[in-house]
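See structure below.
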Number of protein chains: 2
Amino acid sequence: MNSSRPVTIKDIARRFRCSPSTVSRALNDHPAINEDTRKNIQEYAKEVGYQRNEVSLSLLNKKTASLGVVVPTISNYYETAVIEGLHTALQPLGYTLNICVTNENYLLEKEYLSKLLSNRTEGIFLSVSQETYDSGYYEHLESVIQRKTPLIFIDREYEDFETSRATVDDYHGAFAAVEHLINIGYKEIAHLKGPNGLTVSEQRFKGYVDCLKKYDMPVRDELIINTNFKVESAIVPTKRLLEMASPPDAIFGANDQVAIGAMRVVKDKNLKIPQDVGLIGFDNSPISAYTFPSLTTVSRPGRKIGMEASRLFMNQINGSEDFLHESIVLPSELVIRESSLRI
Amino acid sequence: MNSSRPVTIKDIARRFRCSPSTVSRALNDHPAINEDTRKNIQEYAKEVGYQRNEVSLSLLNKKTASLGVVVPTISNYYETAVIEGLHTALQPLGYTLNICVTNENYLLEKEYLSKLLSNRTEGIFLSVSQETYDSGYYEHLESVIQRKTPLIFIDREYEDFETSRATVDDYHGAFAAVEHLINIGYKEIAHLKGPNGLTVSEQRFKGYVDCLKKYDMPVRDELIINTNFKVESAIVPTKRLLEMASPPDAIFGANDQVAIGAMRVVKDKNLKIPQDVGLIGFDNSPISAYTFPSLTTVSRPGRKIGMEASRLFMNQINGSEDFLHESIVLPSELVIRESSLRI
DNA sequence: ATATCTAATGCAAACGTTTGAAAAAATTTA
DNA sequence: TAAATTTTTTCAAACGTTTGCATTAGATAT
């Protein structure tokens, strides 16, 4: 009795010299059970700390009420906002979120997906890792499709699959940011690009390039520099930018982190923001409003993405045979603050 | 065959007119299976995308290889670092982490714990929510203990339970921070306190108070102000501080976020950091090194805490009957940067 | 006393997999 | 060809729970 084995329905049945069915029904308030029996059993169950074994139930009902959330990282504001959105929408429906962090690693992603399928997860929200993107492998996704487990892409996506997806319009966000810099009067706009190959990086990059072209401004390769989205990775590149013969007068960072890194370097050079150098980030992370000067940025609706993704999932599992997959694209929005407001 | 029902061992057995046992053994490379049979079955299984139902296995073996990680939030650097540490240590051992975010909510925490137990999670890492702390309810933990599911406290803890725990020495970190300010020569040190009731807030607060006392400096109530650990929550309080008749000449923030909020306000008042106002944060979040000026802070070894907690867990499940619970306290470390270096 | 009805409980199968022991089939030996 | 041996396969139980159907006990009506 003080063994560590959890109490089962059979144990209770033995104790009351009745069948497991009776115990089960008693615990579930089945009407065909005698009032006293029910009360006794329920009391005893509570006393010994009986707790239904959901594993056996999952097996029986083929329902696990668990969903997989596979993301490359949870270290950024945006990702946690998405998760919060998913959580807000799905927790009340009884779903448990199984959050898997791939660290941008293909093998880990593959392993997680396989594990989720083996565990009979009822749906998967996936933002593919950078490695997956780079490698172009997607067999691990085939098996998800084959098993007809609802798969919802978040942000990063494969075009090739027939699935629902919820993404942010990074392209137009970046475009608006650069356009804003041009309108203010900045002439030489550098870009701290995100990791190559990621949709988000490439879309923002494309927005940057297309906007320059629209205004007949040259796209100078030496003003486009790679980062890994982390603060540190912006330091050396920004220094290099500012020490060029004809340095840029504005910098568009692919996210707030690198923009803040750049901000530091600019200040170290005793240059003024926004007078000497204009600066824009991406994400509208909480801190961006309180840097000095505050950072102009592009806000992405992470929480909303999570909730939309949930909606897409619910549509799919409630949908008929001829259900059509949806692609939601939420707008991103330019948030103008001090770092770009040269008068 | 294109039904959505996953292929089972029985399906394969029917196909080969053999028993499920044979299929099971074939798939698991059991030596007593004929080479040809094995090959055929394995090929076919791959072809139809057979995937072992782990739910049934969990039921059979009473092992789920899944661990619960129950935390109040994943929006801060520290928490994600802890999770990363847990992940690094436990993923290679085949464990799946089930990350549950309570949003500081007692009921949610209770529900998650109950669900984890029902799902026969093999261990739980818990950082209790603020509400739980405030309310003082802990029945929901009793059932975890009663079921002998290993429970490892992270950072926030109940003193009352016989469990292993891994915490950071916030007290001495805070003490060192304040001592540093005093050594530099700051006379009136304010504290932006974290949410009341949380161990981390209270420990840091205590370190602050005790250090002042050690140096015979008055503890002025009006210099101690509450925040909720978020940037915004530091703005108004800091303004109020700086507009006092005799304002503080240094501010010790309970985390980097509020310190950065304070930094912004100080600059808005055209005061210089560290000349007019010294500033220290807590967490050593990546950005703190790149603010302008860079932020002196106290580093907490989040990743290490995660790995230590994993070790405690492994000790417990491998331990004998007379296993003794361990309390690990990792030191925090003052990281001196520009914001406190008045010369 | 017997048939009829109602209330309460038990039986057995199912979910998918593994595994020790038994059985069957194939092979070798005498 | 029969016996002994080895190889391969099957049987049956187990994990914990639910549920349609059958059964039992007790009560009521005839």
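Since the model is a prediction, treat every value here as computed from it, not as a measurement. Naming: A, B, ... by sequence-line order, numbering from 1 per chain.
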Give A:N28 one of three labels, base, sugar-phosphate or nothing, depending on what nucleic acid heavy atoms sit under 4.0 Å from its own.
sugar-phosphate

Roughly, in whole Å, what's the span from CG in B:N119 to C1' in D:dT17?
14 Å

Between A:K62 and C:dG16, does any side-chain N or O lie under 4.0 Å from OP1 or OP2?
yes

Please verify the inter-ring angle class for A:Y95 with A:F313; under 30° counts as parallel, over 60° as perpendicular, anything in between as tilted.
perpendicular

Figure out the CZ/C1' separation between B:R120 and D:dT17, and round it to whole Å.
11 Å

Under a plain distance cut-off of 3.5 Å, with no hydrogens placed, do A:H325 and A:S164 share a side-chain donor-acceptor pair?
yes

For A:R303, which of A:E84, A:E79, A:E308 qualifies under salt bridge (charged side-chain N to carboxylate O under 4.0 Å, His left out)?
A:E84

Please examine the side chains of A:N53 and B:L59, heavy atoms only from C-beta on, and report whether any two atoms are closer than 4.5 Å.
yes

Contact pattern, 5' to 3', of nucleotides 6-14 of chain D - B, S or - by protein heavy atom under 4.0 Å:
--BBBBB-B

Specify whether A:H87 and B:Y112 have parallel, tilted or perpendicular ring planes, treating 30° as the upper limit for parallel and 60° as the lower limit for perpendicular.
tilted

Roughly how many Å is it from CG in A:D11 to C1' in D:dC15, rounded to a whole number?
13 Å

Separation of A:R38 atom CZ from C:dT9 atom P, in whole Å?
12 Å

Hey, are the side chains of B:K63 and B:E122 touching, using non-hydrogen atoms and a 4.5 Å cut-off?
yes

Greater than 12 external heavy atoms within 6.0 Å of B:K115's NZ:
yes

Heavy atoms within less than 4.0 Å of DNA chain D: which residues of residues 43-55 of chain B have one? Give them sorted by number.
none

Starting from C1' on D:dT17, measure out to NZ on A:K10 and report it in whole angstrom.
9 Å

Could you check whether the rings of A:Y44 and A:F16 sit parallel, tilted or perpendicular, using 30° and 60° as the cut-offs?
perpendicular

Rounded to the Å, how far apart are A:L59 CG and D:dC15 P?
14 Å

Contacts of A:R14 that satisfy salt bridge (Lys or Arg N to Asp or Glu O under 4.0 Å) - sequence neighbours left out:
A:D11

Whole-Å distance, B:D36 CG to C:dA26 C1', equals 14 Å

